[in-house]
Student: 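Can you keep this structure in mind? I'll have questions shortly.
For clarity, every value in this text was computed on a predicted model and none was experimentally measured.
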Amino acid sequence: MKDVAYIGTRDKNIRMKASEAILKGICPDGGLFIPEKMPVMEKSIDELSKMDYRGLAYEVMSLFFTDFTEEELKYCINNAYDSKFDTPEIAQVVEKEGVYFLELFHGKTIAFKDMALSILPYLMKTSAKKNDIHKEIVILTATSGDTGKAALEGFANVEGTRIIVFFPNGGVSPVQKQQMVTQKGKNVCVAAITGNFDDAQSAVKSIFTDAEMIKELDDKGFMFSSANSINIGRLIPQVAYYWYAYCQLVKKGKIKAGEKINFTVPTGNFGNILAGYFAKQMGLPVNKFICASNSNKVLYDFFRTGTYDKNRDFMLTVSPSMDILISSNLERLVCMLTSQEETADLMKSLSEKGVYSMTAKAYDIVGEYANEEETFQAIRVMYANADYVLDTHTAVAYASYSKYVRETQDTTPTVIVSTASPYKFAKDVCTAIDEKYKDCDAFELMGELEKISGVAIPAPVKDIEKREVLHNNLCEREKIKDFVRDQLK
């Protein structure tokens with residue numbers, strides 16, 4: 001097995017081992033870490049198809065995290081993917097209406113972020129030990145809804161860490177907000193931030209590149225890292241479930257080993273679909289990735305025109321986790337298609353002008369989008385035809401997939417990456433099915449959704465509205481650094 005080093009997207013001379021990159025989270029110049037060379041999967045599909053999720057995850061992650069011993073990595077994997085998931089498959093594939101849904105919401109916070117944030121605390125603790133780091137690790141995270149709760153759940157009461165999560169005030173669903181503000185743990189802090197997710201994300205990233213603040217807190221025994229998908233410790237674990245989905249289809253006789261499939265991925269910050277792209281670069285037989293956007297559709301426009309332009313109205317939609325105009329992980333793809341020098345120039349243009357254009361293309365990624373009505377229609381259609389309830393983000397993906405098929409007549413077997421339980425967005429899901437629910441309380445509608453879906457209210461959100469609110473912080477986006485300093489006194 002060859003060692004994989006991680007280099008910066010803006011400076012190839014920034015070079016670290018996997019454990020070092022996990023601890024850093026982001027490059028000193030604001031760039032992100034990418035593998036210097038993409039590893040190749042040497043095990044056959046037939047071999048991989050005989051493995052459970054833990055075994056397959058090890059085969060994938062061991063190719064990327066090459067400075068971890070087998071014992072260290074298996075410790076992380078076995079502790080992450082255990083009984084905290086409510087299905088033995090961890091990530092199960094179900095067939096509905098001729099397409100396959102990869103259900104990634106069976107973890108403790110009923111969203112796909114659990115797939116990576118269940119393992120990140122173990123990767124981080126192991127990395128600190130390997131690098132003889134004794135400082136307290138401060139996890140700073142911006143969330144558009146799901147990352148926050150999954151990160152809080154993963155790091156709560158983890159020795160040697162603190163976690164501070166910022167979410168856009170008024171920009172997450174009632175259930176998402178309640179999940180975060182009721183989080184227990186002596187080392188956790190949650191704050192609403194004025195502005196939208198992009199404001200929260202930019203504010204957090206500014207701390208990682210503030211040399212003066214980093215030194216100030218370093219002197220006090222702290223170091224910063226991130227639980228967002230800008231951290232390769234978050235991104236790489238997601239690569240595993242693309243391989244697992246494919247192997248499940250082979251195992252069930254739905255496709256033959258080596259046959260190409262498509263993936264449709266609801267996309268905001270571009271981390272989830274990028275993990276799939278990494279899987280393809282490793283050798284997974286994929287034809288196309290359909291990058292599904294909501295009405296904000298900055299990525300749809302990029303993949304159609306080659307121009308990324310965040311200078312547009314920010315829309316609050318029924319799929320809030322995708323309400324993003326600055327897709328951080330796209331920088332990694334840009335670098336893989338161009339060079340560090342060009343990426344640095346393009347990111348500078350994005351920072352200063354809010355726009356950049358490039359000629360290089362990822363021909364295996366196609367942009368699609370769905371507006372609000374198309375999203376609701378997708379929920380209605382799937383419920384009417386298959387008695388299967390989609391959340392609002394998976395519905396964006398299904399609606400986008402349907403449009404893609406109409407436009408291209410591409411009948412390649414397709415997996416739709418299902419990113420959240422409908423219970424996280426109960427009000428909008430119920431309203432999509434029947435308008436009579438539009439003025440009802442989101443928490444009261446969980447009982448109705450249980451009747452509609454035939455699926456019991458998941459334990460993580462059952463009676464969540466009755467839990468004590470423990471975090472009432474509101475932070476001005478311009479004062480985020482002062483807020484962090486105050487929390488670390």
Side-chain angles (χ1 to χ4, degrees), residues 91-104 112 241-242 245-250 252-256 258-268 270 272-277 279-280 284-306 317-319 322 333 361-420 422 429 432-433:
Q92 64 184 20
V93 177
V94 300
E95 184 177 2
K96 301 289 178 182
E97 290 297 287
V99 293
Y100 304 98
F101 289 87
L102 172 61
E103 294 185 345
L104 299 177
F112 83 100
Y241 54 68
Y242 285 90
Y246 187 94
C247 290
Q248 287 298 295
L249 296 184
V250 171
K252 294 175 180 178
K254 302 297 182 181
I255 58 171
K256 294 189 172 85
E259 183 180 349
K260 288 189 175 182
I261 67 172
N262 290 342
F263 283 95
T264 304
V265 190
T267 311
F270 205 72
N272 198 359
I273 193 167
L274 184 70
Y277 185 79
K280 180 174 182 178
L284 186 67
V286 178
N287 174 41
K288 296 283 185 187
F289 291 97
I290 296 99
C291 177
S293 299
N294 64 16
S295 296
N296 285 292
K297 70 186 186 75
V298 65
L299 288 167
Y300 167 82
D301 291 337
F302 171 73
F303 285 110
R304 294 284 171 135
T305 68
T317 74
V318 294
S319 45
M322 298 163 66
L333 178 68
K361 290 184 179 179
Y363 291 99
D364 35 13
I365 303 178
V366 178
E368 264 302 349
Y369 84 99
N371 61 30
E372 301 283 90
E373 179 48 42
E374 289 167 332
T375 302
F376 273 20
Q377 178 68 10
I379 294 172
R380 281 192 293 271
V381 167
M382 186 54 69
Y383 177 65
N385 294 346
D387 203 27
Y388 187 62
V389 181
L390 305 177
D391 87 284
T392 47
H393 302 73
T394 308
V396 168
Y398 182 62
S400 297
Y401 159 76
S402 301
K403 291 169 83 170
Y404 169 78
V405 171
R406 287 197 297 271
E407 289 173 14
T408 64
Q409 306 302 308
D410 181 359
T411 57
T412 303
T414 297
V415 172
I416 292 176
V417 178
S418 185
T419 53
V429 169
I433 292 170

Student: Is any side-chain heavy atom of Glu407 less than 4.5 Å from a side-chain heavy atom of Glu368?
Tutor: yes
Student: So among Tyr100, Tyr398, Phe101, which one has a ring pair (Phe, Tyr, Trp, His ring centres under 6.0 Å) with Tyr388?
Tutor: Phe101
Student: If you round to the nearest 0.5 Å, how far is CD1 of Ile261 from CG of Asn287?
Tutor: 10.0 Å
Student: Taking the side chain as every heavy atom from C-beta outward, state whether Glu259 and Pro413 have any atom pair closer than 4.5 Å.
Tutor: yes
Student: Taking the side chain as everything from C-beta on, heavy atoms only, tell me whether Glu103 gets closer than 4.5 Å to Val94.
Tutor: yes
Student: Can you tell me if Asn262 uses its side chain to pair, donor with acceptor, with the backbone of Lys288 under 3.5 Å?
Tutor: yes
Student: Tell me, do Asn272 and Tyr242 make a side-chain contact under 4.5 Å, heavy atoms counted?
Tutor: yes
Student: Using side-chain heavy atoms (C-beta onward) and a distance below 4.5 Å, is Ile365 in contact with Leu333?
Tutor: yes
Student: Donor-acceptor pair, Asp391 side chain versus His393 backbone, under 3.5 Å?
Tutor: yes
Student: Please check: side-chain N/O of Lys297 versus main-chain N/O of Tyr369, any donor-acceptor pairing under 3.5 Å?
Tutor: no
Student: Do Ser418 side-chain atoms and Ile416 backbone N/O form a donor-acceptor pair below 3.5 Å?
Tutor: no
Student: Report the C-alpha distance between Tyr277 and Asp364 in whole Å, list the side-chain angles of each, state the deciding distance to 0.1 Å, and finish with yes or no for side chain to side chain contact (heavy atoms under 4.5 Å, CB included).
Tutor: CA-CA 9 Å; Tyr277 185 79; Asp364 35 13; 3.5 Å; yes
Student: Keeping the roles fixed (side chain from Lys254, backbone from Tyr246), state whether a donor-acceptor pair exists under 3.5 Å.
Tutor: no
Student: So do Thr317 and Thr375 actually touch side chain to side chain, heavy atoms under 4.5 Å?
Tutor: no
Student: Give, for atom OG1 of Thr264 and atom NZ of Lys403, the distance between the pair rounded to the nearest 0.5 Å.
Tutor: 13.0 Å
Student: May I ask you to test the Phe376-Val318 pair for a side-chain heavy-atom distance under 4.5 Å?
Tutor: yes
Student: So do Phe112 and Val265 actually touch side chain to side chain, heavy atoms under 4.5 Å?
Tutor: no
